[in-house]
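So the structure is just underneath, and the comments pick up after that.
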Amino acid sequence: MDKLVIEGGVRLKGMVKISGAKNAVLPILSAVLLTEEPCIIRNVPDLRDVHLMLRILRFLGVGAEFDKGKVTVCAKNIKSYTAPYNLVSKMRASFALLGPLLGRLNKAKVSLPGGCVIGLRPVDLHIKGLKRLNVDIDIVGGYVNARTKQLKGGYIYLGGEFGSSVLATANVMMAAVKASGTTIIDSAACEPELVDLANFLKEMGAQIKGEGTPTITIEGVKALKGVEYKVIPDRIEAGTFIVASAITKGDITICGAILQHLAALIDKLEEAGIVVEKTDSSLRIRRKREFKPVNITTLPYPGFPTDMQAQFMSLLSVTPGVSVITEKIYPDRFMHVAELNRMGAHIQKEGPHAIIEGVRKLQAAPVMASDLRASAALVLAGLAASGKTEVSRIYHLDRGYEKIEEKFQKLGARVWREKEA
Ligand code: UD1
């Protein structure tokens, strides 16, 4: 296993180009099952999760090649409708194979993904939504067995206790594009990655309206065609570099991100006193003065993203004054608190809230990553800390950040990868 070693204290400067969005490409790759024709997907980040998804597709019989950001896939001959536990348990996003397998074969057997360190993560909304499309579902031996004679459109209210669900909306949408009649999904997720999936499906010939709003209307079609498609940039990767600039008192220009996707984050940065210069194609983040504490609450898009909560906490831990973070999507997503405290942060967890009393400086320490975004938060803390921080278990980072240490090195960071003893 690898660890990342960071000698903190460097002000990061320069330009970073944002890669394709992990959370957009994963459902898009599962959607290729809906057509027999070949598809080409561009701007695909070179990530562990992407390679795992390609592995699962190959297991199902799909031809899939990755070459420098371009994926060529062809699902002409599907030889299995089962996504097994040993693969699905490694990556929750593969549960989004359920909808397209149903859309293509009228049957699917997909392992339940199980919980993870950020919380329970149920799948009730996925099941409820697909049942409304005339699918019979039983859960036996840890697998979701889904079958239908014919998918039929219907009205689905898909809101849950914690608001909308990104992958449940994706699953239902990918089945509904092949259902007979009209499907209306109310309380649908509005995340940009879901809009990207809808755009991909529309290019394939699907009839979808209202994506990006809480009400999506889908008219089922008989067949979908192969297409070439470019994935949107990763707003969470962009957000992570934005925070890297702020936390190191640096001057980073972020290229290729979509500004609108970062609105909630930028709003909070500006409230905290960080200068964000915007052009059509770039964002420059500079710190002119001392930061002010801010409160954030994570919410479904366009609210503040839960996937930026941990990274923002690192920034607030060195912001003078008291800030409060409220986690409304995953109330247990605070595994990074204890590790940040090991680096000298003063953070107290109270239920779904973290109360952060800013300190002047963080100190380097050996820390352990528990999930993808928590790992990113520890790297950011390490970049700001004095001394040498070692972040272990960085396979989490490789799941979701393309060439992370190279990108940081180009900005001047002293960061490298070592084998763990
Ligand atoms: C996606 C993202 C993940 C992000 C999350 C929230 C991908 C691959 N992953 O995950 O990075 O953190 O959105 O923005 O796109 N819920 C239920 N029942 C369900 C499904 C979800 O109660 O059937 C709850 C969840 O526990 C959570 C909330 O709904 O509290 C939102 O989760 P959801 O949007 O489904 O997350 P994912 O789509 O799995």
Side-chain angles (χ1 to χ4, degrees), residues 20-31 45 47-50 52-53 56 88-99 110 112-132 137 139 144 156-174 185 187-198 214 231-232 234-237 239-240 261 264-265 297-312 326-336 352 371-377 396 399-401:
K22 170 180 90 72
N23 286 354
V25 79
L26 295 174
I28 285 175
L29 284 174
S30 58
L47 302 173
R48 274 170 73 109
D49 275 8
V50 166
L52 182 59
M53 183 57 102
I56 302 176
V88 176
S89 60
K90 292 195 174 98
M91 182 180 65
R92 191 180 159 81
S94 53
F95 196 66
L97 289 161
L98 196 53
V110 178
L112 283 168
C116 66
V117 288
I118 69 173
L120 274 178
R121 304 189 80 173
V123 292
D124 55 313
L125 297 173
H126 299 245
I127 308 284
K128 171 182 162 183
L130 292 170
K131 279 188 171 169
R132 293 281 159 83
I137 296 185
I139 298 176
V144 175
I156 302 159
Y157 179 80
L158 209 54
E161 202 186 330
F162 297 96
S164 52
S165 161
V166 179
L167 287 178
T169 307
N171 250 334
V172 174
M173 189 161 76
M174 288 188 280
I185 309 175
S187 199
C190 301
E191 269 68 5
E193 295 77 16
L194 199 87
V195 175
D196 210 33
L197 171 65
V231 174
I232 53 164
D234 196 309
R235 64 192 166 108
I236 306 301
E237 188 201 20
T240 304
H261 295 174
L265 175 69
T297 300
T298 64
L299 289 169
Y301 188 83
F304 192 97
T306 175
D307 284 352
M308 280 303 302
Q309 182 256 103
Q311 302 90 312
F312 212 82
T326 303
E327 176 54 71
K328 285 244 173 125
I329 310 284
Y330 298 112
D332 293 326
R333 192 177 199 173
F334 284 119
M335 302 298 281
H336 41 285
D371 71 74
L372 170 57
R373 307 305 171 186
S375 313
H396 290 296
R399 284 188 43 219
Y401 289 93

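We count ligands from 1, going down the list as the structure has it; atoms in each ligand are counted the same way. This structure is a prediction, so every number in the text was calculated from the model and none was measured.
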Could you say whether the N/O atoms of [X] and ligand 1 ever approach to under 3.5 Å?
X: Asp307; answer: yes
X: Phe162; answer: no
X: Arg92; answer: yes

Exercise. Taking all non-hydrogen atoms of both residues, which atom of Arg399 and which atom of Arg48 are closest, and how far apart?
Worked result: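 Between these two residues, the closest heavy atoms are CA-CB, 3.8 Å.
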For this session: Classify the contact between Arg373 and ligand 1 as side chain, backbone, both or neither, using a heavy-atom distance cut-off of under 4.0 Å.
Result: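 Arg373 to ligand 1: no contact under 4.0 Å from either part.
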Exercise. For ligand 1, which part of Leu167 has a heavy atom less than 4.0 Å away: the side chain, the backbone, both, or neither?
Worked result: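 Both backbone and side chain.
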For this session: Not counting sequence neighbours, which residues clear side chain to side chain contact (heavy atoms under 4.5 Å, CB included) with Ser165? List them please.
Result: Leu125, His126, Ala168
For [atom], the option (of [options]) bearing the nearest heavy atom:
atom: atom 13 (O) of ligand 1; options: Leu26, Val166, Val25; answer: Val166
atom: atom 25 (C) of ligand 1; options: Tyr301, Phe95, Tyr330; answer: Tyr330
atom: atom 17 (C) of ligand 1; options: Gly160, Ser94, Pro122; answer: Pro122
atom: atom 33 (P) of ligand 1; options: Ser165, Ala24, Gly159, Gly163; answer: Ser165

Exercise. Phe162 and Tyr330: aromatic ring centres closer than 6.0 Å?
Worked result: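 Judged by ring-centre distance (under 6.0 Å), Phe162 and Tyr330 do not meet the cut-off.
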For this session: Under the side chain to side chain donor-acceptor pair (under 3.5 Å) rule, collect the residues that match up with Asp234, sequence neighbours excluded.
Result: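 None.
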